[in-house]
Amino acid sequence: MRSGGTRRTKLELLVRQDGDDGFEVRRVPSALAWLQLRPQRVDPATYEVAQMPSRVDGRVTFVLKSKLTDRYVLLTEPERFLWEQMDGGTSLQEIATAYVLRFGTFDFDLIPALIAKLRQAGLLTLRPSSRLREALARHRRHALLRGLEAIFHGLERVTVSSRRVQPFFARLYRAGGWVLFTPAAVVAGAALTAIGLASGVPLWQNAASVVAPIGRHPLFAIVVVKLGFFLTLAAHQVVHGLALIHYGRRVREFGFTILHGFVPTFYVDVTDIFMASRRARVVTAASGALLHVVLGSVCFAVAVHLSHGLTQAFAAASGLIQLQAFVLSLYPFCFIEMDGYHILVDALGLPTLRHDAVRFVRHNLWRHVADGRVLSRREGIWLGYFALSVVSIGAFIAFNLWTLIHVITG
Amino acid sequence: MASPTVVSFLRSVSLFKDLAEPHLVSLAPRLRERKLKKGEVLFREGDPGQEMFLIRSGSIIISKPITGRVEQVLARMGAGEFFGEMSLFDQAPRSATVQADVETALLCLDRDSLQQFVEVSPRAAAAFFGTLVRTFIQRLRASGDLVAEVTRWGLEATGLDVENR
C-alpha cells in the first residue's frame, strides 16, 4: 500500500455550463479527491460489533462482523474510533484531524490500511463527495444563481500562499516575537485591555456624537476602517504562526484566500500544533484573538484622548470592530470553525462537533422528540451547541442592527 | 485560385509535410474556413461527421462526456494540428466533443474534397495517408498512456489497495 504522501496525479475535467456553450476546465488532483472522500459504514443492520477486553494488558479490542459477507475484522481502539467517524458525511481530512485531536499522534498508513481491511470485508463504501461533485449535483436553473456560483468558484481559487514560511516566522520570533509569549506580555496586555475598556465607557456614552463625523463621509470611512481591520487579520494569523514557533512546531503554510468565495482572509496552517500539548493548542488558538482585544483597547485609549473629529471617530469605530473580532474569534457558538470553536472541541474531545450537531438536529432530533426518548450526554452537547449557535447568530445580527439604528438616529 | 496564406499555412502542417508545393496549391481551394468563438462547441459526440479539421490558429479541447455536465478532457490541440478525421473514414458518428478553448480558426476538408484530391493526385495522397497513419499510431499510444494515467488517478484517489487484495 502506498502512503498518502505519494498521491499526485491530476485528472482534467471539463464542466459545461447550462444553456450555452460556456465551460470550465478543472484539474482535480488525486490527493484532493482522496482527502475529500467520505467513507460510509454499511447499514447498521448488516454488521455486529463485539468488545473483547484483554485481561493481560487491559487493552480493549473489537470484533466487527459483516452479516452479509460473514467476514470478521479485528479493530483496535483507535481503529474503532476511525470506524465510528466513517458516517458518509465526514471526509478523510476531517477524520484524520479528529484522530489527531483524540490520540495526539498520527500514522499516515493507518487510515488507508483500515479502509482496505473494511472494504475487503464488505463493511465500507466510499463516496467521493468533493465540492465539485456537490456543485454538479445542484440545480442551476436560475441564471443569476448560476452566475453567482461561477463567481464564487472563481474567487475561491484566488489563493496566494507560500509553503516556505518557516524561516520567516523563525526570524520574526527571534527578532522580538518571543516577547508576546512572556508573562510580561500577558500583564501588559491585561493592563492595556483594562485601560481600553475604561476608555470605551465614555466613548460608548457619547457614541452618537463620537461617530457622527463618519456619517459625513460614510463610504470613505467604511473603506478605511475595513482596510485597517483587514490588515489586523493578517497580524492575527502571524501571531498564530509565532505561537507555533514558540512551541517548537512548524508553520507549514501562510497565505491569502477568499473563503467560501466571498470572505477575503489570511490564513496560516497550524496543523503541526496537533503534535504539541493541549495547552500549546489552546495558546495558539487564543493568541490571534487576543491581539484584537489589545488592538481594540489601544484604539479606544487613543480615541478617548483625541478631540472630536474624523480621526477620533475612526479610532472608536476601529476599536469596536476589533472587539467584535475578538468576540467572534473566541466565541465558539456560531457554526463557524474559528479559534474559539477549536478550543471548545479540543476541550470536549468532540472534533466533529459542528458537523455532528447539524446532522443530529436535521435528521434525528424530531425522531427523538416524537419517541419521547431522553437525550444522551453527547446528544445534549450537540443540541446545546446548535441552539446556542442559532441564538448567538440572531443576537449578533440584532445587536448590529440596533447599533446601526442607534448611530443613525443619534 | 489558392490563397497564398492558406498554402503557406499548409506547408507548416505536419500532415502535409511530404506534399510538394503544387499539391498544396491544388488542395488549398478545397478547404473551407470556419471560425469558432471561445467556448463554442464545433460538434458533440454522436453528431454525424463528414469532415476533418485543421487548426489554423487558436486551440481546441477534445472531451468525452462522463456524467451530467462533466466531461473528461482527452486532448488539447493547437495551431497546425488536425482532428475529426475518424468520421471522415469510418462514416460513424463523432466519437468525442470538440470545443474552442480560445477564439479559433479552422480549415475544413470534407469527404468529397478529399476524394477529389486522391483522384487528381494519387502520389500526393499516398504521402498524405502515410503521415496520417503515423499520426494515428502516435495518438493510439497517447490513448494508452491516458488510460494508464486515469487508472493511476483512480487508485490514488480511492486508496484502493490492489497489491494486497
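Within every chain, numbering begins at 1; the chains are lettered A, B, ... in the order of the sequence lines, protein sequences first and strands thereafter.
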query: What closest approach, in Å, do A:L13 and B:Q72 show between heavy atoms, and which atom pair accounts for it?
result: CD2-CA, 4.2 Å
field: Rounded distance [0.5 Å steps], CD in A:E12 versus OG in B:S63
entry: 10.5 Å
- prompt: B:L74 versus chain A, heavy atoms under 4.5 Å apart: side chain, backbone, both or neither?
  reply: neither
query: How long is the gap from CZ on A:F23 to CD on B:E40, to the nearest 0.5 Å?
result: 11.0 Å
- request: Can you establish whether the number of heavy atoms outside B:R123 located under 6.0 Å from its atom CZ is more than 12?
  value: no
query: Roughly how far, to the nearest 0.5 Å, is the CG atom of A:L14 from the CD1 atom of B:I66?
result: 10.5 Å
- request: Answer yes or no: are there more than 12 heavy-atom neighbours, outside B:K35 itself, under 6.0 Å from its atom NZ?
  value: no
